[in-house]
Structure formats: C-alpha cells, structure tokens
Amino acid sequence: MEIKIIGGGIAGVEAAYQIAKRGHSVILYEMRPNVSTPAHKTGFLSELVCSNSLKSNEFTNAHGLLKEEMRRLDSIIINTAHETAIPGGKALVVDRERFSRAITEKIKSHHLISVMREEINDIPSGIVIIATGPLTGERLTESIKALTGHGHLFFFDAISPIIAGDSIDFDNAFFSSRYKHDSDDYLNCPLTEEEYNIFYNALITAERVELRPFEKTPYFEGCLPIEVMAERGRQTLLYGPMKPVGIIDRRTGKEPFAVIQLRREDSKGNMFNMVGFQTKLTYGEQERVFKLIPALRNARFFRYGSIHRNTYINSPVLLNRALQLKKQEDVFFAGQITGVEGYIESAAMGLLAGISSLCYKKGIEFFAPPPETCIGALLHYITTEKKDFQPMNINFGILLGYNKRDKNRVIDNALLCITKWIHAINRQLDQA
C-alpha cells in the first residue's frame, strides 16, 4: 500500500522523492490550486512564499554544511535549487518560478508518485506523513489536535515586499556585496543620516494591520517585522537589515549611514526583494514609508509584505527520533510543522520522515543520523524535551561536540558521520 503524504511543500516533496527513489509508491496530497492560502500565489509544488534565498552555500556556515549533507543524500530540493540558481553571492538563491515549476514537473513525472489535488481534512488510515507546513488548514488542524491531544503553538512569519526592477531609481542605488565591492549580487539603496531619521520616524508611527485575537502571540526572533525591530531603538536597524558595514557607496567612496539591500527574485532582474524587510504595515503605509528611501521613491510593488500564521506542534513531547507520533506510530510529521525554521531545515525533516516511514513500512528500525551532523542535530533538537520549545534554524551551536576554535574538525567530522550514516541506512533498506 502507498505511503500517503499530506502537503506538497518543500518537506512533503522531499519525503515523496526519498520514498519513491527507493522503489516504493507514494500518494502526495496538495490542496492548491483548488484551495489557496493567504501566502501562496500559484499551484506549483514547493512554492517559496518568503525569501528566494536558501542561505549560505559555504561549509564554514551551518546552512552551507546542512546543504552539503543533503546533497550527499540526493535531495531533490537542493539539486533543483542548484539547477535554477541565480546570482546571490555566497548564498544559494533561486529563480522562484523556475524552481517550483521544475520541482512540480519532476514529481508529477515520477512513475511511483501520484499527486492528488484535494484538501485533506481528516488524517487517513495507513502510513501517513503530515507535512502541511506553516499554513495548515483549520479543519486539518483540528484533526491534528484531536490526534495529538495537545494544543498547537503559534508564531508568525513575515514576508518582505517585492519591487519591480524597472521602477527602481538606479541613480540612487549601486550594486555591491558586503566587503565585495565589485560584486553585483545585491542592489544597495543608501541613506544619509537625515534620510534615515525621516524614514525611521515614519516607520515607527505607520499604521499596521490589526492583529486578530488569536494572532496575539510572540513573533519568531529570526523573522521579526521591520517595525518591531525599529521599536527596540533608533539604532537597532543599523545593526540589522540596514547595516552599512562593509558596503562602499561607489558615488562617494565611503560607507553610507544606512543601506537597504535588494536581492534579485529572478534571473533577469525584473523583480527585487527588500532583504530583511518583512512587515505588518498596511499596504498603503508600505507604499508611503518605503518610498521615502531615495532609490525607491517611484517603486512599484509586485508583492507587499505581510504576516502569516505559522503552526508547529510540541515535537519534543509528541514525536520520537523517527519523527513518529509516539501514540500512533504510523503517523509521521515533517517540515516546519515539527518546529524547524527555514526552507532547507524543513526539507531536511521531510527527507528524514520519508526514509523513516519507509523503514517502518518494511518493518525495520530507523536509526537517526548522529547529532554531530547538521541534519542529526536538528532532529535531536526538536525531539529532546525542553521547558520552552521554540522553532530553530540550523546553527553550529546545536551540533554535538561543536568547538568554534576547531571548526574545520567539526565540519570534517559531520561530513564523515553523514556519509557513514547514508551507507548504513541504505544498506539496511536494501537488505529488507
């Protein structure tokens, strides 16, 4: 019987691919485009609704090391991201539409994967992976609550505006990356101190979308709205998304007082994302306030910033190290709903859930990747009981045995450990 996966986002797609590539059939349920969400715009699988950056590619960064571990696991998300990459400096940045379109074509054409475009409100029988992500539907949420016996925890992701490239004033902007002055990876919009103060005063007094009662919960620290950061002090933004350090204005030869970086959303530069400018401002106020930035005075917005609900379960209490529900072992959870934060982190948990569910199907024991690896450390974090469970991005601090004085040894050990684990888990599955 097929393994069923609910959710065609990054985690669900990765789980489906990992199962199918090992010779077992999958039914992947995705409600879009029949039922949309406040954040999605298309019916493609694995649509990226926040940034189009998958963060660093360098091994000396935990995000880059996690990507390398997943490359060695033949991740469809990582492989497709490289196929559809656009310039992004040291980061892996993708052309948003090409990426999700390519993923959709690969999954739909796989002979062992059936894509069903329908909304699932009740958890089906048999082996099921729930990978519904941050925008789980209300009726399915109620079904999950009934199954787990626990209420969900909520926080909110904010998404940044996207601006039409031909509406940017390039006389007041310049291409450069931090400490790489000849790079064209980012388009920088500088501000003088006077311009910054005008912008700041407008930002902190701007009208915001009023939160509904069920939305009044803390934001995730890693994705704070720009106006919330600004409330922490006039200088806060200068140490965050408007940090000028390492950026030289080619017109003056000096660092600007403040700078906003724009990143290409597509290979042709038709769209630019305001890096780190997620917001809860009303659409009208976004137009007014962001056009105070000299380079954006004539900006045309393809997408306004917004806040959307993000749902995750209390994984340390509910899940074991195989990502199985402790009280019902044929139900698995994957992706952001488990309490990881970030695209690749979500895909990593989808990858593990796919392999783990297949082990369960074949009647063999799943054993987790070592916590010395990035993927193993994430799994260990979300399945280890703690007083206050909060979502987590990958970082070296959660790797077992991490020592910043000997980072190279930690990196080499992680790659050695993941390689051994891949061989061991594949050999066990092949022999079953």
Side-chain angles (χ1 to χ4, degrees), residues 2-19 26-50 77 100 103-104 107 113-157 159 214 220 307-315 318-319 323-325 328 330-354 356-357 382 391:
E2 302 94 340
I3 295 174
K4 304 178 184 73
I5 301 174
I6 308 174
I10 281 178
V13 160
E14 189 68 68
Y17 176 76
Q18 294 295 326
I19 295 166
V26 179
I27 299 177
L28 178 64
Y29 294 96
E30 171 53 53
M31 67 181 184
R32 293 178 297 111
N34 299 329
V35 180
S36 190
T37 76
H40 290 88
K41 303 299 182 185
T42 76
F44 292 134
L45 301 175
S46 296
E47 179 185 345
L48 305 181
V49 300
C50 192
I77 297 299
S100 54
I103 288 285
T104 303
I107 292 298
I113 302 176
S114 299
V115 179
M116 306 295 290
R117 297 288 188 167
E118 61 182 273
E119 183 177 15
I120 300 297
N121 295 316
D122 299 304
I123 299 169
S125 60
I127 301 176
V128 180
I129 299 174
I130 299 173
T132 46
L135 295 172
T136 302
E138 294 295 334
R139 290 176 61 184
L140 182 58
T141 295
E142 292 303 315
S143 296
I144 294 171
K145 284 183 179 180
L147 178 65
T148 61
H150 286 70
H152 283 251
L153 306 174
F154 299 94
F155 73 101
F156 292 82
D157 263 346
I159 59 178
F214 74 88
F220 175 49
I307 299 278
H308 62 268
R309 190 190 72 184
N310 197 336
T311 308
Y312 65 99
I313 63 172
N314 191 354
S315 291
L318 298 174
L319 303 182
L323 293 172
Q324 293 169 292
L325 194 62
Q328 189 169 330
D330 58 356
V331 176
F332 297 75
F333 282 82
Q336 201 162 326
I337 198 170
T338 66
V340 294
E341 175 64 22
Y343 290 142
I344 303 306
E345 292 88 336
S346 296
M349 294 305 101
L351 188 153
L352 288 183
S356 178
S357 65
I382 65 170

* To do: Decide side-chain contact (heavy atoms from CB on, under 4.5 Å) for Ile337 and Ile144; before the verdict, give the C-alpha distance in whole Å, the side-chain angles of both, and the deciding distance to 0.1 Å.
  => CA-CA 11 Å; Ile337 198 170; Ile144 294 171; 4.3 Å; yes
* Step-by-step side-chain contact (heavy atoms from CB on, under 4.5 Å) determination, Glu47 to Ile103 -> CA-CA 9 Å; Glu47 179 185 345; Ile103 288 285; over 6 Å; no
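A donor-acceptor pair under 3.5 Å is formed between the side chain of Ser357 and the backbone N or O of Ala353. Without hydrogens or angle criteria, Asn34 side chain to Arg117 main chain gives a donor-acceptor distance under 3.5 Å. Without hydrogens or angle criteria, Ser143 side chain to Asn121 main chain gives a donor-acceptor distance under 3.5 Å. Formation of a donor-acceptor pair under 3.5 Å by the Gln18 side chain with backbone atoms of Gly354 is not found in this model. Listed for the Glu14 side chain is a donor-acceptor partner under 3.5 Å among the backbone atoms of Ile77. A donor-acceptor distance shorter than 3.5 angstrom exists from the side chain of Ser46 to the backbone of Gly9, with no hydrogens or angles considered.
The shortest heavy-atom contact between Phe332 and Gln324 is CE2-CG, 3.1 Å. Scanning all heavy atoms of the two residues, the minimum distance from Ala11 to Ser346 falls at CB-O, 3.4 Å. For Gly126 against Lys4, the heavy-atom pair with the smallest separation is CA-NZ, 4.5 Å. In terms of heavy atoms, Met349 sits closest to Leu323 at O-CD1, 3.5 Å. Closest heavy-atom contact between Ser315 and Ile382: CB-O, 3.1 Å. Contact detail for Ala334 and Gly350: the closest heavy-atom pair is CB-CA, 3.7 Å.
Side-chain contact between Ile5 and Val13: absent, with no pair of heavy atoms (C-beta onward) separated by less than 4.5 Å. At least one side-chain heavy atom of Pro124 sits under 4.5 Å from a side-chain heavy atom of Ile6. Residues Thr136 and Ile130 fail the side-chain proximity criterion, which asks for heavy atoms closer than 4.5 Å. Under the 4.5 Å side-chain criterion, counting only non-hydrogen atoms from C-beta, Asp330 is not in contact with Val128. Two residues are said to be in side-chain contact when any heavy atoms from C-beta on lie closer than 4.5 Å; Ile313 and Leu319 meet this criterion. Residues Leu48 and Ile10 meet the side-chain proximity criterion, which asks for heavy atoms closer than 4.5 Å.
Remark: Leu318 CG to Thr148 OG1 distance equals 5.5 Å, nearest 0.5 Å. The distance from atom OH of Tyr29 to atom CD of Glu118, rounded to the nearest 0.5 Å, is 5.5 Å. A distance of 10.0 Å separates CD of Glu30 from CD of Glu119, quoted to the nearest 0.5 Å.
Counting non-hydrogen atoms of neighbouring residues, nucleotides and ligands closer than 6.0 angstrom, the CZ atom of Arg139 reaches no more than 12 such neighbours.
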